[in-house]
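Taking it in order: structure first as structure tokens, then the write-up.
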Amino acid sequence: MSMSNLAALASATDAKANRLIHRLAFMNNFSDGQQDPEVAPLLPGYTFGQRLMSGLTPVERDGLLDFTIERPNGLDGWALLLTVRGRGLLLDRPGETVLREGDVLLVPPRAEHHYRRHDDSPSWWHRWVYFQPRQTWLPWLSWRGGGPRATLLRGQDDDFRHELDRIFSEIDAWSINADAFATEMSFNLLERAILICSRYNEKPVADYDPRLAGVCSYIAENIEKPLTLDVIADHARLSVSRLAHLFQDRYGCSVMAWRDDLRMQLACRILRMTDAPVKQVAIRVGYANPLHFSKMFRKRMGLSPSGYRQGESDVPAT
Ligand code: FCB
């Protein structure tokens with residue numbers, strides 16, 4: 001990366017952090033912060049409703065954000081954190097873990113996690129993305145040393161760190177854009193960030209199971225067809241019970257739940273990006289009965305397909 005690009009990158013992060021720090025300096029308590037849309041997600045008790053959200057948390061000694069983020073029950077979705085300045089402290093395991101510049105932390109859903117600024121460091125700035133992954137990302141989210149707890153990825157070179165910082169700030173930039181492509185762009189950028197981390201981590205490669213990858217492609221290519229588990233298992237040359245076991249183990253859900261999620265994610269994209277009637281969307285993603293589709297959609301997204309399209313809620317997006 002050239003020096004001028006590096007400088008531009010550092011200044012994007014610095015500019016955002018300094019702008020936030022300046023605003024935070026005028027806030028006396030959390031309820032002041034809750035009025036500010038950029039600060040509210042950084043405060044305790046915030047509910048992450050959206051499928052993707054990004055931010056920068058510039059913790060400064062004695063500032064409003066200088067507290068321990070305590071999440072004994074974790075979050076509903078995943079979080080990816082990149083320390084960009086100073087040091088933090090991860091407190092969820094015996095013997096604390098110092099988070100240094102360039103360290104990446106991946107926090108799975110419902111994983112207990114607690115962290116704060118390290119006492120010896122005047123600041124701890126970190127960029128983060130909160131997200132509900134696309135189904136196809138799940139294998140890339142199983143990192144070496146990972147499991148039900150937060151996993152640390154460290155020891156990467158400067159290029160890795162700068163690339164991630166750049167991607168995080170681009171995701172941030174898209175998040176203030178309201179057009180239909182903004183969500184696609186953010187998901188596209190996040191997919192790249194996850195791929196980069198996963199590639200450095202290497203575990204997904206070791207874990208790669210071509211039979212399961214084949215199952216996922218087969219389902220995705222035939223998403224509009226009413227495939228049964230028998231047919232899928234047969235295609236993969238596995239018994240139904242073996243497939244169910246392997247899949248659950250690797251993806252943390254059943255084959256059919258994975259397929260239903262994929263259908264809904266696809267439906268969201270079609271609804272957002274086209275004017276196709278809901279009936280057609282239902283058929284395209286595998287529901288011959290539009291009423292059944294609408295019911296499933298509402299169950300998963302909390303609103304009807306047409307409500308989603310009109311952007312009645314800010315829950316959206318896949
Ligand atoms: C913010 C925190 C940040 C990260 C995201 C998901 O409140 O400041 O560290 O945990 O939530």
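Counting starts at 1 for both ligands and their atoms, in listed order. FYI, side chains are in, hydrogens and waters are out, and symmetry mates aren't considered; it's all heavy atoms of this structure.
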(message) If only side-chain N and O atoms count, and only distance matters, is there a donor-acceptor pair under 3.5 Å linking Trp124 with Glu60?
(response) no
(message) Check the orientation of Phe247 and Trp258. Use parallel for under 30°, tilted for 30 to 60°, and perpendicular for over 60°.
(response) perpendicular
(message) Test of understanding: with side-chain hydrogen bond (donor to acceptor under 3.5 Å, both in side chains), list the residues that count as partners of Asp157, not counting sequence neighbours.
(response) Tyr200
(message) Which protein residues come within less than 4.0 angstrom of ligand 1, counting heavy atoms only?
(response) Pro41, Leu42, Phe48, Thr57, Ile69, Arg71, Tyr115, His126, Trp128
(message) Any carboxylate oxygen within less than 4.0 angstrom of a Lys/Arg side-chain nitrogen, looking at Glu163 and Arg192?
(response) yes
(message) Ring-plane angle category for Trp78 and Phe131, please: parallel below 30°, perpendicular beyond 60°, tilted otherwise.
(response) parallel
(message) Distance alone, cut at 3.5 Å: any donor-acceptor contact between the side chains of Ser123 and Arg117?
(response) no
